[in-house]
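First the structure, in the form of structure tokens, and then the observations on it.
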Number of protein chains: 2
Amino acid sequence: MNPRAPQGYDPHAFTPFAVTVDLAVFTVRDGDLQVLLVERGQEPYAGRWALPGGFVLPRESAETAARRELAEETGLSDVSGLHLEQLRTYSEPERDPRMRVVSVAFAALGPDLPEPRGGGDAAQAQWRPFRAVGALAFDHDRILADAHDRIGAKLEYSCLATSFCPPEFTLGELQQVYETVWGTGLDRPNFRRKVLATPGFVEPVPGGARLTGGRGKPAALYRAGTAATLHPPLLRPTSPEGRSR
Amino acid sequence: MNPRAPQGYDPHAFTPFAVTVDLAVFTVRDGDLQVLLVERGQEPYAGRWALPGGFVLPRESAETAARRELAEETGLSDVSGLHLEQLRTYSEPERDPRMRVVSVAFAALGPDLPEPRGGGDAAQAQWRPFRAVGALAFDHDRILADAHDRIGAKLEYSCLATSFCPPEFTLGELQQVYETVWGTGLDRPNFRRKVLATPGFVEPVPGGARLTGGRGKPAALYRAGTAATLHPPLLRPTSPEGRSR
DNA sequence: CTCCTTAATAGTCATCACGACTATAAAGAG
DNA sequence: CTCTTTATAGTCGTGATGACTATTAAGGAG
């Protein structure tokens, strides 16, 4: 039997695989980048933390499955506003010691999401500081690292950062998203100038300033604009390794 | 049976899927961007063109399967030098009318690749001009479009363009890669200045200039440098217009 | 009430990348 | 020899950006 079958898949030639989704769900809370993890209750990797995920059901696409998992794990009734992005697919033969599992990984982002409800299966779910995450089960270390890389890179040339913010936010909050994800400090006046000079990135809320909480001068409120990408990009300061600009 | 199983995959809960790889293989020939297609001999989509691909074997990763398919379809004995990049995974339930097939798509690039050998299964394989490709089988139109978008975007911030060039090339050839993939014209002196100012992009061949073929002044030869990414990026000319990219 | 701290906002200034050019050099074609 | 063609060199003005300094408007301590 020719396993290649370029002119039509031979129904008898394929090997069945289990297909799962794994989610790297990020949020910014208390100025800290946090990621949603679940604790495994069974072997292998019992007691280890892992990314939430699960099987793709017979009539689901991976995206649908990921959004269903996201709703289940975060406990939010409406996850339609959360940014969900396919990362890549992990298919190393030995990545799950029990069987052949191909996993489609997703990155998800949200503004200060609520505490997860404990899963009904005695597995606990928790927000954990991204930079304090230890060794995870399976190849989830790598998936998480890839997800963080992708998020960090996308902040540079997309409006993704607003996905980490509530519907109305200050430029200081937006800047903190960048600083939190990148792990760097940014010059406040320059950040402000750059964001406001990028058409469609943010737009001011009609007539509001925020007084109550702040310790300093009240900041103006903005909401996400209509643009999807940033031109020109908002580059990280230390990002250009070799030479820098 | 709970299909979610966050604490350990239940071996009895999963639905088996067929997993395939699909390849969008690009090359630049005669100043034209071409893509490798195969003609289907069987239903569904008999007689239609499709991207080459095939099943992932039991002990293969998707990357391994993609490289194997690449070698088989291009007829090259050594494809280790070709750039292969995972695009994304397509998993819509109805994408194959016969059964549940999840496909991991890859984009591959090479310098003026040879004519493909006709597959032994009566399916013919051919290089086709990218911009003249009609409706393909399955969701391969979308995969091909996504692949082209990705390639075009990666040219901006990576050294990927050298993957389209032979080991030694002139700056004119490199520029033609950009122009061919982007479908735009570029200013030659500015392109030259930009490429040479980017450290690690290209490095001059010790003492060579190319005389024989050219109609004009002989051009200096370069080879790919050691850098993987371009800082700052080499942006498309029409890219920073009003909004999109 | 007054000073001090904090944070937002408003500039300034020099550098540098880049697009749009013009000019020169070195080959082949006729 | 001259024309065409292509590579290469350089110029110039604009605009983005990093590094600063200054001002404004709040709350809190005394």
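Computed from a prediction, not measured in an experiment: that's the story for all the values here. Reminder, nothing fancy here: chain letters follow the sequence lines and each chain counts from 1. Hydrogens, waters and symmetry mates play no part in the numbers below; they use all other heavy atoms, side chains included.
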In this structure, how many angstroms lie between the [atom2] atom of [N] and the [atom1] atom of [X], rounded?
X	N	atom1	atom2	answer
A:Q175	C:dA8	CD	P	8 Å
A:L186	D:dT17	CG	C1'	13 Å
B:R236	C:dC18	CZ	P	16 Å

Cationic N near anionic O, under 4.0 Å, A:R150 to A:E85: yes

Ring centres under 6.0 angstrom apart (A:F169, A:Y222): no

Contact letters for nucleotides 6-16 of chain D, in which S counts primed atoms plus P, OP1 and OP2 and B counts the base, heavy atoms under 4.0 Å: BBBBBB----S

Residue pair A:L136 / A:D141: nearest heavy atoms and the distance that separates them: N-OD1, 2.9 Å

B:R29 CZ to B:F164 CZ distance, which is reported to the nearest 0.5 Å: 13.0 Å

Partner set under salt bridge (Lys or Arg N to Asp or Glu O under 4.0 Å) for B:E63, not counting sequence neighbours: A:R88

